[in-house]
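Notes for the one structure printed next.
The model shown is predicted, which means the values in this text are computed figures rather than measured ones.
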Amino acid sequence: MAAVRIPVDRDLSIDFARAFCLPIVVLLHALQMGIGGDPLRAFNALDGFEPLAWATWPLMIMPVFFICGGFASITQWRRLRGHGETVSHYIRIRAIRLAQPVVALVAAVGAVLAGMLLAGVDAEFVRTFAVRLAEPLWFIPVYLICTAFVPTMSWLHRHAPWPAYLGLAAAVVVVDVLVRGFGVPVGALNWIFVWLFAQQLGFGLRDGWFARRSRLVLLGVAVGAYGVIGVLVTWFGYSHDMLDNLNPPTLAILALALGQACLFALAQPAIRRMMHWRPMLGAVFVFGVYGMVIYLWHTFAMAVVTALQLLFGLPFPPVLSPAWWATRPLWIIAIAVVVAGCCVVVPRLEARWPNPVERRTPLAAVLLWSASAVAGVGVLLVLGYVPWQNGLLGWTLVTVAVVALIVGGPGARLRAAAPAELPSTAAASAPRS
């Protein structure tokens, strides 16, 4: 096996964190898929399941993905900037990396759902199932928007770090007050403010702010952050279930992000030592290479396994019943088998996409096509992977955006290729939710 060259600005503890968190996210999505009732419907199987609600305090690790993403993003932006690249180029390659995998995924899931309809499966079940399958896509548009802000937020991080942190935190507080106190429907703004704050924590992690703090200070901040969550839950009516605070994010998620950043910084030295163990490095490398495939295509795997259950007339036990829990290992193993197959096939399919044309593309054009990709995924999130009508609209918006970003703008072609993006988790990482 050839030796893996690790860039000098690469911190393997970041790769470990994302590799560790990815199976948790996929497992949670698999357990949340509830199918049952008469007539058959799809729903959240763990809605109201109290043991999970309290477990989300340590296990709701979506902030970690954005923290690690911030670390990787500012590293890559600085690297490209050092090579003379522009904001437009940075956003363009990141947008392609994030949106391109969605095109094949939506087509594949749509084909499975269309097959269900042709086989006579109830259309309303297919609709509810499609909506449930689409939910993990929320990460794509949010991460894409945060990526577009990286150059600006990087500048603020350098010249006004504390105003950046405090300004984002204040914005989250204002949104929560307006929503919870006055019923103003502006909660969606926190999809941006909360995750930009988590991304900014990743900037601080990259520049050693956390490493320069004593372990006692980091522990104190982490305890204080979780204490804030306790206060919000006890006296201000926030849900004790962090998943409820995720859609849209609230001040509780911001506090959770701060606590997780401190706890991760405390664990970093031990993680770095552990990464000298070759089997661990190999496992992290595998999750790094296939992370985006695993995160996105596990929804396709759930569609395939469910279609096979319907085809062979296998029962769907009542959710949370002993029979349901007894069949979860088989359900998860079946999903894992399909995902493993996707890890073999999907990268080969994605390799058939042409490389981005090396030309200077106006920033306005890049932002326009990135917004088209965001809008397309937004349609899919609202309406699900429905292989007709507006579901097709969402897929078309994303596809046109990706093709336009690959082709580039009206600028002249470059004489020499720009520095290539590393094929690693430093690119768009699937929660890499």
Side-chain angles (χ1 to χ4, degrees), residues 7-11 13-14 17-18 61-82 85-87 90-91 94 142-176 189-229 249-269 271-272 363 426 428-429:
V8 294
D9 57 358
R10 184 69 168 264
D11 189 332
S13 68
I14 299 298
R18 293 197 283 207
I61 38 71
M62 285 310 303
V64 173
F65 282 114
F66 283 89
I67 293 167
C68 293
F71 186 108
S73 295
I74 197 170
T75 301
Q76 187 191 18
W77 164 238
R78 288 171 176 172
R79 185 188 303 127
L80 291 175
R81 192 67 168 164
E85 287 298 347
T86 62
V87 171
Y90 171 77
I91 296 176
R94 297 279 287 184
V142 173
Y143 202 97
L144 205 159
I145 292 171
C146 288
T147 288
F149 275 100
V150 164
T152 300
M153 301 309 295
S154 173
W155 185 92
L156 287 174
H157 176 69
R158 180 179 179 183
H159 297 282
W162 285 108
Y165 285 116
L166 296 176
L168 289 169
V172 173
V173 171
V174 169
V175 169
D176 273 16
L189 291 174
N190 273 349
W191 285 110
I192 309 304
F193 296 140
V194 169
W195 297 126
L196 280 179
F197 180 86
Q199 179 175 267
Q200 210 75 3
L201 291 174
F203 293 177
L205 196 67
R206 173 66 180 83
D207 286 343
W209 187 92
F210 290 91
R212 292 191 296 272
R213 308 281 83 80
S214 70
R215 296 181 66 82
L216 185 61
V217 167
L218 291 175
L219 183 60
V221 174
V223 171
Y226 276 92
V228 167
I229 298 174
T250 67
L251 184 58
I253 298 298
L254 183 144
L256 184 65
L258 179 59
Q260 289 183 348
C262 292
L263 293 176
F264 176 67
L266 285 168
Q268 265 189 306
I271 294 172
R272 288 172 180 143
L363 179 59
S429 172

With rounding to the nearest 0.5 angstrom, report the CD1 to CG distance, I229 to L254. 9.5 Å
Which atom names give the shortest non-hydrogen contact between T147 and Q199, and what distance separates them? N-OE1, 4.2 Å
Rounded at 0.5 Å granularity, tell me how far CH2 in W77 sits from OG1 in T152. 9.0 Å
Which heavy atom of A148 sits nearest a heavy atom of I91, and at what distance? O-CD1, 3.7 Å
Close side-chain approach of S73 to Y143, heavy-atom, < 4.5 Å: yes
Partner of D11 under salt bridge (charged side-chain N to carboxylate O under 4.0 Å, His left out), chosen from R272, R206, R18: R272
Specify whether H157 and Y165 have parallel, tilted or perpendicular ring planes, treating 30° as the upper limit for parallel and 60° as the lower limit for perpendicular. perpendicular
Report yes if some heavy atom in the side chain of L201 is under 4.5 Å from a heavy atom in the side chain of F210; otherwise report no. yes
With rounding to the nearest 0.5 Å, note down the distance linking CG in N190 to CG in D176. 5.5 Å
First locate atom CG of L156, then atom CH2 of W162, and finally report the distance between them rounded to the nearest 0.5 Å. 15.0 Å
Quick one: pull up CG in L218 and CZ in F264 and give me the separation to the nearest 0.5 Å. 12.0 Å
Provide the closest heavy-atom pair for P163 versus A160 in the form atom of the first, atom of the second, distance. CD-O, 3.3 Å
Starting at CG of L263, measure out to CG of L258 and round the result to the nearest 0.5 Å. 9.5 Å
Testing L80, I74, T75 for side-chain contact (heavy atoms from CB on, under 4.5 Å) with R78, which one passes? I74
Ignoring hydrogens and angles, tell me if any N or O in the side chain of R158 forms a donor-acceptor pair with the backbone of S154 under 3.5 Å. no
State, to 0.1 Å, how close V64 and Q260 come at their nearest heavy-atom pair, and which atoms those are. CG2-OE1, 3.2 Å
Taking the side chain as every heavy atom from C-beta outward, state whether Q76 and V150 have any atom pair closer than 4.5 Å. no
Can you spot which of F197, W195, F193 makes a ring-ring contact (aromatic ring centres under 6.0 Å, His included) with F66? W195
Measure across P63 and I253 and return the closest heavy-atom pair with its distance rounded to 0.1 Å. CG-CG2, 4.3 Å
Of all heavy-atom pairs between A255 and A225, which one has the smallest distance, and what is that distance? O-CB, 3.3 Å
So, the side chain of Q200 versus the backbone of M153: is there a donor-acceptor pair under 3.5 Å, distance only? yes
